[in-house]
Every structure is written in structure tokens, then in C-alpha cells.
Undergrad: 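Pasting a structure below so you can have a look.
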Amino acid sequence: MAIHEKRHRFKQDEIIFKEGDDATCAYLIETGRVLVYLNEEATEVPLRILGEGEVFGEMALIDNNKRSATCKALTDVETIIVTREQLLDRIHESDPIVQLLMRVLLERLRSQNERIRSRASEVPFNLDPLAFEKEEAVKRIGLESRIAIALDNDEFIPFYQPIYDLATGEIRGCEALIRWISSDNNVIPPSVFMDVIEESTLILRAGRVMIEKCTADLPKMQTRFGHVEDFFVSVNVSGRQFLDPRLVSHLDECRIKANVPARQIKLELTERVMTEGPQALATLQECRKQGYMLAIDDFGTGFSSLQYLAQMPLTDLKIDRSFISKMCEDKKSLSIIRSLIHLADLLGLKLIAEGIENAEQLVMLNGLKVQMGQGFLFSKAVPLNEFMKLPLKFNT
Ligand code: CMP
Ligand code: CA
Ligand code: CA
């Protein structure tokens, strides 16, 4: 059945029809864009933007009802008119079940529109299924470029969280944690930017900055905590950094400049590094050969594979905070910790517990002979100047 080619043009911003109007035809968009929206009091509740090749105004014809929404030309729009007869003839020719289905679907769409209308005052709503993703993508690109600028402006610095010997209470080292100090002096938490950094090549730049700064700070810390043998700074290194062939030479360069031995620098890595392939493993081995300490971080949270663990040239194992936080109430967490301790023992690794928040956990970890730990019970991560004022021993 040929469609009689009747066209209609609408000027930009022209209202094509209004919600509640009687319907005479539907439209097929040839060029331009049409906004479909509901009028709710003084506001417009957008439902959808339609473009080339899409049809609108069909609903009122099919269910013989009033226009379910208002349609407005967002640009100059060219349409082909589809008459009521053209549409209904086709529908009547179709299978009765298909006709029924169509009515059901239309009813659902109308009631969904009503729900959207009633929620419009509560939440900003966007029905374009891609809109959310588009918005996220745009936000992300924006954040990425702000991070790149912030790196140029030297706005990323390490904060340091002390790590203590749990038995003697003496400080042993610290973990360097990245912080973004924005130009207006706000501390932006890693939760805002870390994913974006880690999923882009920005991680290479940010990683280098962290290595440079914490190696440069290490001699000052060593002076402050002079009696501590091999006071260490532990820096998080992501899988991607281990694929960078310059990683080891950069580490060497930084520590030679700061005049600190490799054994005072600990690299924290996750099991994910093993999914980066043999190159990453080769870099790990090179790091270890040069004397850097290697701690496996967040162990037990990912897709831990003991096979990986055996292959990696590790020196330390960090017990993830999730096990520590539950160890006092949850027998399973405690069992996992026990088996990690056993594993570390077999593999000759030192243990560091992270996320220690209360004395009960400390007592238990001490009982389990976990050597080192960090957490809010002792101190959060602080800037260097505050770190230098920390006591030599924790007091609880
Ligand atoms: P009709 O009810 O004739 O007039 C308004 C038109 O807007 C409707 O036909 C559909 O073409 C379109 N429409 C209504 N609700 C929606 C929606 N939720 N999503 C997309 N288009 C819609
Ligand atoms: Ca870490
Ligand atoms: Ca961790």
C-alpha cells in the first residue's frame, strides 16, 4: 500500500499539536527534530526528542483518544503526513492478537507518561534512555580534562597514613595516598577522581607524580623517625603503570635523587596486575631485583588466585579493610584473616592490616600476631607537615 506523499513543514519552535487535542494524522520525520513533552502546570516535562525516520502522533489515532503529549519543532522540521486511514487500514489488516498487543502497549505508555508527569515535581526526569549515558560521558570527559589541567598545575600531592608495629606501637612507615588540592584549596577526595584517572592514561602521570613526591619526602620522615630502621613509604602502583617500561628507571632516578635505598620504598599492587600479562610480571620482578618492596594490596577482595600469588615476587601482604571491619562480629572474616596469616607465613610475607578502627580489633590482631597495621584508630592520612608531628609510638 503506497503512502500518499503529503508533506508538511514546521518552523523551528512551532507547536505541532498540543496534549489533549483531537487527532487527524500522524507524522514521519524526514528532517529535523521534534520535542515530545507534557505540560505540567507551568513546566514542560520532556519525554523524548525524536529525529529523522521516527514517527509521532500515532498514538491518538490508534487508540482513538486525544493527543497524549505536546509536540514541538526543535528545528525546522519536514514531515510526511500519515493519515488516519493509512494507519488504521494497516492495523485492521493485522492479526487480532497484534492489535490487542498494540492497545496494551499504548495503554502502558500512556500510564507511564502519567507517572512521569506526577513525579516531575519531585525529580528531574529524563526519558531518553541514552541521555543518562550521554550525560555521564560528558561529565567524565570534563573531569578528565580538569584532572589533566590539575596535573599541569601540580595540584596532586600525597597524604601519609602512618603504619605501626602492632606489638610495640612504634611507627614503621606510611602509605602515601593521593589527594587533589584544588586551586581554591579544597581537598577533593579520591572517590571523585580515582576511577577516571585509573581508567585513562592519566594514571601514568599521576603515578609518576606520587613516586616523585613521596621519594622526595622520605628523607624528611627518616630524619624525624630516625631510630626506626628502614622507615618505609608505601606507594600504590596500578597495573597499567607496570606496563610502562620506564617505571623502574623512574623509581631509580627518584630514589637516587633523594638518596634513599630501594628497600625503603614499598610498591602496593593488586592482583589485577597479573591480568596485564607477562610484561607486568617482568616489571614486578625487575622492581624486586632492584630491592623495592612489593606488597599485595586489597588481597582477598578481587578474583584472587593463589596461583597469581605464588608467581609474584612479593614481600608483604595487606589484609583488606573489609575483613578487619567485620572480624570482631563475623566468624567468616576472622577465618579468612587466619588463613591469610597462615598463607603469609608460608610464603614468607609480612602482614599489614588496614582499616583498624577500634581497640578491640587491635587486640585481636595482636593476638593473631599480625605485625603491622594502619587505620583511623591511629591516624587518618595527613599532609607531610602534620605527619612530621605524629608521635613515635601510637598510644591507645
Ligand atoms: P499522540 O498521542 O497522537 O500525540 C503525542 C505523541 O507523542 C504520541 O502520539 C507519540 O507519538 C508521542 N509520545 C507520547 N508519549 C511518548 C513517550 N513516552 N515517548 C516517546 N514518544 C511519546
Ligand atoms: Ca593501598
Ligand atoms: Ca587497600
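Read the numbers this way: they start at 1 and go in the same order the structure lists the ligands and their atoms.
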Undergrad: Are more than 12 heavy atoms from other residues, nucleotides or ligands located less than 6.0 Å from atom CZ of R84?
TA: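 Yes.
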Undergrad: Between R48 and ligand 1, which part of the residue brings a heavy atom under 4.0 Å of the ligand: side chain, backbone, both or neither?
TA: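 Near ligand 1, R48 shows its side chain, while the N, CA, C and O stay back.
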Undergrad: Nearest heavy atom to atom 11 (O) of ligand 1 wins, so pick from M59, E58, K18, Q112.
TA: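 It is E58 that holds the nearest heavy atom.
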Undergrad: L109 to ligand 1: N or O pair under 3.5 Å?
TA: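 For ligand 1, there is no N or O atom that lies under 3.5 Å from one belonging to L109.
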Undergrad: So, regarding L47 and ligand 1 (criterion: nitrogen or oxygen to nitrogen or oxygen, under 3.5 Å), is there a contact or not?
TA: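 Not met; the criterion fails.
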Undergrad: If you count the atoms of ligand 1 from 1 in the order shown, which ones are under 4.0 Å from a heavy atom of F56?
TA: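 This gives 11 (O) as the contact atoms.
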Undergrad: Any idea how F231 and F225 line up, ring-wise: parallel (<30°), tilted (30 to 60°), or perpendicular (>60°)?
TA: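 Parallel.
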Undergrad: What atoms of ligand 1 come within less than 4.0 Å of a heavy atom belonging to F17?
TA: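 Those qualifying, in numeric order: 4 (O), 5 (C).
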Undergrad: Looking only at N/O atoms, are A60 and ligand 1 under 3.5 Å apart anywhere?
TA: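 N/O-N/O distance under 3.5 Å: yes.
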Undergrad: Looking only at side chains, do Q290 and E286 share a donor and an acceptor under 3.5 Å apart?
TA: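 A donor-acceptor contact under 3.5 Å links the two side chains.
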Undergrad: Does the residue A69 have a heavy-atom contact with ligand 1, meaning some pair of atoms that are separated by less than 4.0 Å?
TA: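 Per 4.0 Å heavy-atom rule, A69 contacts ligand 1.
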Undergrad: For residues F232 and Y292, establish whether the separation of their ring centroids is below 6.0 Å.
TA: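 No; Y292 has its ring centre 6.0 Å or more from that of F232.
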Undergrad: Are there over 12 heavy-atom neighbours, none belonging to N186, within less than 6.0 Å of that residue's CG?
TA: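 It does: N186 CG has more than 12 such atoms within range.
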Undergrad: If you round to 10 degrees, what value do you get for the angle at the Ca ion (ligand 2) between E268 atom OE1 and D297 atom OD2?
TA: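 The two atoms subtend 90° at the Ca ion (ligand 2).
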Undergrad: To check you understand the geometry: which heavy-atom pair defines the closest contact between Q311 and Q285, and what is its length?
TA: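 Shortest heavy-atom separation between Q311 and Q285 comes out as O-NE2, 4.4 Å.
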Undergrad: Looking at F323 versus F299, is the centre-to-centre ring distance below 6.0 Å?
TA: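 Ring centroids of F323 and F299 are no less than 6.0 Å from each other.
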Undergrad: Would you mind running through ligand 1 and noting each atom that sits below 4.0 Å from a heavy atom of G57?
TA: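 Going through ligand 1 atom by atom, the ones under 4.0 Å from G57 are 1 (P), 3 (O), 4 (O), 6 (C), 8 (C), 9 (O), 10 (C), 11 (O).
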Undergrad: About how large, to 10 degrees, is the angle OE2 of E175, then the Ca ion (ligand 2), then OD1 of N236?
TA: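 It comes to 90°.
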Undergrad: Which is it for N113 and ligand 1 at heavy atoms under 4.0 Å: side chain, backbone, both or neither?
TA: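 Only the side chain of N113 comes within reach of ligand 1.
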Undergrad: Based purely on interatomic distance, does K66 place a nitrogen or oxygen under 3.5 Å from a nitrogen or oxygen of ligand 1?
TA: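 No - when backbone and side-chain N and O of K66 are compared with those of ligand 1, no distance drops under 3.5 Å.
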Undergrad: My understanding is that only one of Q374, E354, E175, K380 makes a side chain to side chain donor-acceptor pair (under 3.5 Å) with Q161; could you say which?
TA: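 Only match with Q161 under side chain to side chain donor-acceptor pair (under 3.5 Å): Q374.
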Undergrad: Would you say the side chains of N39 and T70 form a donor-acceptor pair under 3.5 Å?
TA: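 Yes, side-chain donor-acceptor contact under 3.5 Å.
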